[in-house]
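Below, chains carry the letters A, B, ... as their sequence lines are ordered, and counting in each starts from 1. A quick note: this is a predicted structure, and the numbers were derived from the prediction, not measured.
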2 protein chains.
Amino acid sequence: MSDHATMTPRRAATRARLLDAAREVIAERGAGGATVEGIAERAGFTRGAFYSNYASLDDLIVDLIRDVGEVRLRDVREAAGQFALNRTPGLTIDTALAGGVREFVHLLQPPMNDVLLQAELRLYALRHDGVRAGYVAVVRETMTGVYEILERLCASVNARLRTGPEITMEILLGFFDQGSAMSYLDLGRIDPDAQVARLSQLVDVIIETDQRG
Amino acid sequence: MSDHATMTPRRAATRARLLDAAREVIAERGAGGATVEGIAERAGFTRGAFYSNYASLDDLIVDLIRDVGEVRLRDVREAAGQFALNRTPGLTIDTALAGGVREFVHLLQPPMNDVLLQAELRLYALRHDGVRAGYVAVVRETMTGVYEILERLCASVNARLRTGPEITMEILLGFFDQGSAMSYLDLGRIDPDAQVARLSQLVDVIIETDQRG
DNA sequence: TCTTGCGGATACACTTCTGTATCGAAACGT
DNA sequence: ACGTTTCGATACAGAAGTGTATCCGCAAGA
């Protein structure tokens, strides 16, 4: 359902505008505070447009979760691609790890709205049975994708992860969420240098190297 | 402000009932979906009672954040106390660590409502400047308390943490949040055995031991 | 160019929430 | 026991949102 490729361009464009508006409004007011009226208005429409595209707010949010998941996974894949392109073989472990950190650290600095939206969607999935399965699927896909990348990186520098996929990814994702939320809570912004340092330390914790230096 | 010790018992009781109601309502409908009317009604009052105790919903939520923080910290302290009481000196590292895991693992299995409430309050703090400082203070206090306990535990079994307080606590808290949320998303409940296994693995990751066995 | 139909706007009736103002009653000091 | 204070209920006016039903105009096809 709601596959933007299989509908008229006009309809797809309207839905895209509604989705973008929903991102903003949900980030600003929360999923509970987001209203059909608010989203439609933000998109430059009236409620009429909304209801002729989605049956309900729930319906739109399902669409949004799918979309957000796709974007996230694509971001990670792109970072991985960049890393693979830039990597020069034969580096020392530390240099290679530092390179990896540099390539992935921007994922640790999402804009405030993304942090809020992500948290809101997770809460929404927790509360709404009809959404949960889809949400979990998206998270799993992301976790799997990231883990593969991580494993490849480790193998290429003769290091290995201390724990299996599931725990590793939970540590990673939890750390990302916790870190970006605390940054905004604490400073009101994200300090890139601090994030590089944080990610480096995390890598030291979850990765085990056979040799040193 | 709103120190329950310095007000008449009746007032304190009413506020306590309102706070409890707020916990439930916010967990169920989210901070954005929680209304003065809903909270008052849940507590068995009308809005009149609410407004004669709090100036606004924001006002109550500030109180709630403080309260939730106190409860959390007390829980951790109690777990630490239990651990100290039950611990028999001279155990092997692995046995001692296993004991620690057993003592703290129940903190990894909060009821669904606590997971939701915690997430909602964090989001609320992110969005409301007037609340942020207090929220951060509460989190810092919790982190410090937990870290002290963790350090003492490590020292007593001749092990040490791989990273400093800040990163360690971010990993821990992030892992806790991520884990409980995913449990409820995935299974709809929390599996205690799985949590023990998860916590054991986490301990292996963040703790470094000098000897083995 | 005509017309057909879809997409978005408008109107309507209803519900829920807000904040204030007022009132009755329960608690408390003397 | 009595008056005072305080606390919680009720009433009111207004704001905002919901979903449906209806209408209109533009865009695409013959």
Main-chain N/O of Ala31(A) paired to Glu120(A) side chain as donor or acceptor, under 3.5 Å: yes
Sequence neighbours left out, what pairs pass ring pair (Phe, Tyr, Trp, His ring centres under 6.0 Å) with at least one residue falling in residues 162-206 of chain A? none
Give me the bend of the helix from dT1(C)-dA30(D) to dT30(C)-dA1(D), using the axes of the five pairs at each end, rounded to 10°. 20°
Above 12 or not: heavy atoms from other molecules or residues under 6.0 Å from CZ of Arg72(B)? no
Once salt bridge (Lys or Arg N to Asp or Glu O under 4.0 Å) is applied, do any residues pair with Glu148(B), and if so which ones, sequence neighbours excluded? none
Residues passing the salt bridge (Lys or Arg N to Asp or Glu O under 4.0 Å) test with Asp20(B), sequence neighbours excluded, are Arg23(B)
Using a cut-off of 6.0 Å, state whether more than 12 heavy atoms not belonging to Arg132(A) lie near its atom CZ. yes
Residue-phosphate contact under 4.0 Å: Thr46(B) side-chain N/O, dG8(D) OP1/OP2: no
5'-most to 3'-most nt of DNA chain C touching chain A (<4.0 Å, heavy-atom partner on protein side) reads dG7(C) to dA11(C)
Salt bridge (Lys or Arg N to Asp or Glu O under 4.0 Å) involving Glu37(B) - partner list, sequence neighbours excluded: Arg47(B)
Residues forming a ring pair (Phe, Tyr, Trp, His ring centres under 6.0 Å) with Tyr124(A), sequence neighbours excluded: His128(A)
Just how far, in rounded Å, is C1' of dC7(D) from CZ of Arg17(B)? 13 Å
Can you list the residues that meet the side chain to side chain donor-acceptor pair (under 3.5 Å) rule with Glu70(A), with sequence neighbours excluded? Arg66(A)
Mind listing the N/O atom pairs, protein and nucleotides 16-20 of chain D, below 3.5 Å?
from    : atom 1 : to       : atom 2 : distance (Å)
dT18(D) : OP1    : Val36(A) : N      : 3.2
dT18(D) : OP2    : Val36(A) : N      : 3.4
dT18(D) : OP2    : Glu37(A) : N      : 3.2
dG19(D) : OP2    : Tyr51(A) : OH     : 2.1
dG19(D) : N7     : Arg47(A) : NH2    : 3.3
dG19(D) : O6     : Arg47(A) : NH2    : 2.3

To the nearest 0.5 Å, what is the distance between CZ on Phe104(A) and CG on Leu199(A)? 9.5 Å
Which atom pairs, one a donor and one an acceptor, fall under 3.5 Å between side chains of residues 133-145 of chain A and the rest of the protein, sequence neighbours left out?
from      : atom 1 : to        : atom 2 : distance (Å)
Arg140(A) : NH2    : Asp186(B) : OD2    : 2.4
Thr142(A) : OG1    : Val138(A) : O      : 2.9
Thr144(A) : OG1    : Arg140(A) : O      : 2.8

Which atom pairs link the protein and nucleotides 25-29 of chain D when you take only N or O atoms and keep those under 3.5 Å?
none

Scan residues 26-35 of chain B for pairs that pass side-chain hydrogen bond (donor to acceptor under 3.5 Å, both in side chains), counting only residues two or more places apart or in two chains. Glu28(B)-Arg42(B)
Over all atoms of both residues, closest heavy-atom pair of Gly38(A) and Val25(A): O-CG2, 4.0 Å
